[in-house]
Amino acid sequence: MASKKPRAQANTTPAVPLTTSKTSLRRYFGEKPEPESKSKMAAVEKSPAHSAPSSPAPSESSLEGNDLKTLLSQLPSKLDLELMFSKMERSFGDKLQSLHEEVSQIGHRVQTLEEEGEASALHLTNIQSLQQTHNEAILFLQRKIEDLDNRGRRNNLRIRGFPETQQGETEDIILLLTGLFNKILGRPLDTVIKFDRAHRALRPRALPQDKPRDIICKIHHFPLKEAILQKAKHLREIKHDDHKVLIFQDLAQSTLIARRALRPITAALSDMNIRYRWAYPFALVVTQQGTTYSISTPAEVQAFQQALKLPKAAVEDWTGLTLGQTSHASQKNKWQRTPKKRRRRIPSGNEQTTSPRGTTSRPT
């Protein structure tokens with residue numbers, strides 16, 4: 001009989017701890033290995049002879065394969081990824097669509113605003129052009145009215161300096177002016193002068209300590225009035241009944257405002273010994289070396305100064321003043337104005353009244 005081979009002795013190698021395989025896998029997934037607990041007991045050496053027999057341990061490769069399969073089974077599948085990306089795509093698509101609609105609406109509104117802005121700018125340009133035309137027409141009409149007013153005053157003289165009589169006393173202005181004008185003309189004081197009218201300025205009587213009101217008279221004959229005015233200009237001082245008297249041409253209020261506005265120009269002309277005169281319709285005229293320069297509107301002031309080499313001076317716009325512009329202190333914005341309360345009108349006896357319910361009733 002064949003002899004039997006002796007049975008191989010069982011492998012009594014101690015089991016390999018499982019922590020090595022797990023630790024080797026965890027480091028790929030970012031896990032930190034658990035620290036080995038150190039025993040306070042002294043280590044006991046076990047001899048292979050006294051150790052209990054153990055079952056054979058699985059290999060490291062098999063353990064890693066099982067862990068990989070578990071991890072891979074937990075990963076999302078292709079279908080899951082497709083569903084997730086489709087949801088994201090639909091969400092982004094909806095948001096982009098709403099954003100596109102909002103941008104389109106904003107673009108439409110911006111385009112509308114630009115068109116309205118261009119239309120408003122064009123409308124404003126037309127209004128400014130029309131306003132300029134109206135201003136020129138108003139200025140032309142104003143000059144015409146001013147000229148008519150001055151033509152109506154061409155025979156008038158304004159006398160300043162005669163004190164007023166006490167209230168209740170009668171003042172013979174005709175007799176007073178007759179003696180004054182004959183004295184200026186060098187004629188007998190009782191020479192007759194025809195007056196159309198003569199009176200004090202039409203304003204309240206002045207107090208005794210205030211300046212007296214001017215006397216305004218209209219002489220019937222224009223040449224006589226001009227002779228009196230020219231004689232008075234050449235006299236240094238006019239005195240009558242121990243009163244210093246000044247004689248002026250009676251002018252429209254708008255003409256006086258314009259002359260007052262041109263005082264810087266006339267002062268500069270006087271300083272440079274340049275003769276000037278006032279013309280009608282209103283104008284400041286200077287004739288120098290055969291050339292005539294004039295100012296009739298505020299727009300001509302700068303050219304007038306440059307032509308005569310006058311120093312620059314600020315001149316007010318007298319056309320705005322003569323048109324009746326109010327000062328800034330008296331102007332109020334619309335939102336500052338206090339609305340007027342409507343007064344409830346009391347119906348008369350023959351009128352019908354309507355009640356809040358709509359029924360009409362006739363007063364008894």
Side-chain angles (χ1 to χ4, degrees), residues 30 74-146 254 257-258 260-262 264-265 281-283 294-307 310-345 354-358:
Q74 294 176 358
L75 293 176
S77 62
K78 181 179 179 182
L79 182 60
D80 295 336
L81 293 174
E82 290 179 353
L83 291 175
M84 182 176 62
F85 283 124
S86 63
K87 289 181 180 179
M88 293 173 62
E89 186 177 359
R90 284 196 300 271
S91 176
F92 286 140
D94 295 341
K95 291 181 179 179
L96 288 175
Q97 180 65 24
S98 62
L99 184 62
H100 181 267
E101 292 176 357
E102 291 179 1
V103 171
S104 300
Q105 292 177 1
I106 293 174
H108 179 68
R109 293 174 63 182
V110 169
Q111 183 179 0
T112 305
L113 291 174
E114 289 178 352
E115 292 176 354
E116 291 178 356
E118 293 176 358
S120 300
L122 181 60
H123 185 59
L124 180 61
T125 303
N126 295 335
I127 289 177
Q128 290 176 346
S129 177
L130 185 62
Q131 182 185 8
Q132 181 66 24
T133 304
H134 288 172
N135 289 342
E136 293 175 358
I138 290 172
L139 181 59
F140 175 77
L141 294 176
Q142 177 187 355
R143 287 176 56 81
K144 285 292 184 182
I145 294 173
E146 181 182 357
S254 57
I257 292 174
R260 193 177 300 117
L262 289 175
I265 304 297
F282 172 77
S294 64
I295 298 176
S296 57
T297 60
E300 300 173 353
V301 172
Q302 185 175 2
F304 184 86
Q305 291 175 334
Q306 293 177 355
L310 298 177
K312 290 186 178 181
V315 177
E316 295 181 358
D317 184 3
W318 64 85
T319 58
L321 296 174
T322 53
L323 287 177
Q325 288 185 351
T326 57
S327 61
H328 295 285
S330 62
Q331 290 180 348
K332 287 187 177 180
N333 296 326
K334 292 182 179 179
W335 58 84
Q336 293 178 347
R337 294 177 182 172
T338 305
K340 295 182 180 180
K341 294 182 180 180
R342 294 184 178 180
R343 295 184 178 179
R344 188 175 181 181
R345 189 173 64 88
T354 305
S355 63
R357 296 183 179 181

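Heavy atoms only: backbone and side chains are in, while hydrogens, waters and symmetry mates are out.
- Nearest heavy atom pair, residue Pro264 against residue Ala314, reads CG-O, 3.8 Å.
- The side-chain heavy atoms of Gln306 and Gln302, taken from C-beta on, include a pair separated by under 4.5 Å.
- Contact detail for Pro281 and Arg143: the closest heavy-atom pair is CB-NH2, 3.8 Å.
- Separating the NZ atom in Lys144 from the CG atom in Leu139 is a distance of 12.0 Å, to the nearest 0.5 Å.
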Notebook entry, point to check: Given Thr297 and Thr319, is the side chain to side chain contact (heavy atoms under 4.5 Å, CB included) satisfied, shown in steps?
Noted result: CA-CA 8 Å; Thr297 60; Thr319 58; 5.6 Å; no
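- Considering all non-hydrogen atoms of both residues, Ser296 and Phe282 come closest at CB-O, 3.7 Å.
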Return all side-chain donor-acceptor pairs below 3.5 angstrom for residues 81-99, not counting sequence neighbours, or 'none' if the list is empty.
from  : atom 1 : to    : atom 2 : distance (Å)
Ser86 : OG     : Glu82 : O      : 3.2
Ser86 : OG     : Leu83 : O      : 2.6
Ser98 : OG     : Asp94 : O      : 3.3
Ser98 : OG     : Lys95 : O      : 2.7

Could you list the donor-acceptor pairs under 3.5 angstrom formed by side chains in residues 100-124, with sequence neighbours left out?
from   : atom 1 : to     : atom 2 : distance (Å)
Ser104 : OG     : His100 : O      : 2.8
Thr112 : OG1    : His108 : O      : 2.8
Ser120 : OG     : Glu116 : O      : 2.8

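- Closest heavy-atom contact between Gln305 and Pro311: NE2-O, 4.0 Å.
- Between Trp318 and Ile295, the closest heavy-atom pair is CH2-CG2, 3.9 Å.
- With rounding to the nearest 0.5 Å, the separation of CD1 in Ile138 from OG1 in Thr133 is 11.0 Å.
- Counting heavy atoms from C-beta outward, Val315 and Phe304 have side chains that stay 4.5 Å or more apart.
- Side chains of Ser129 and Asn126: no donor on one and acceptor on the other come within 3.5 Å.
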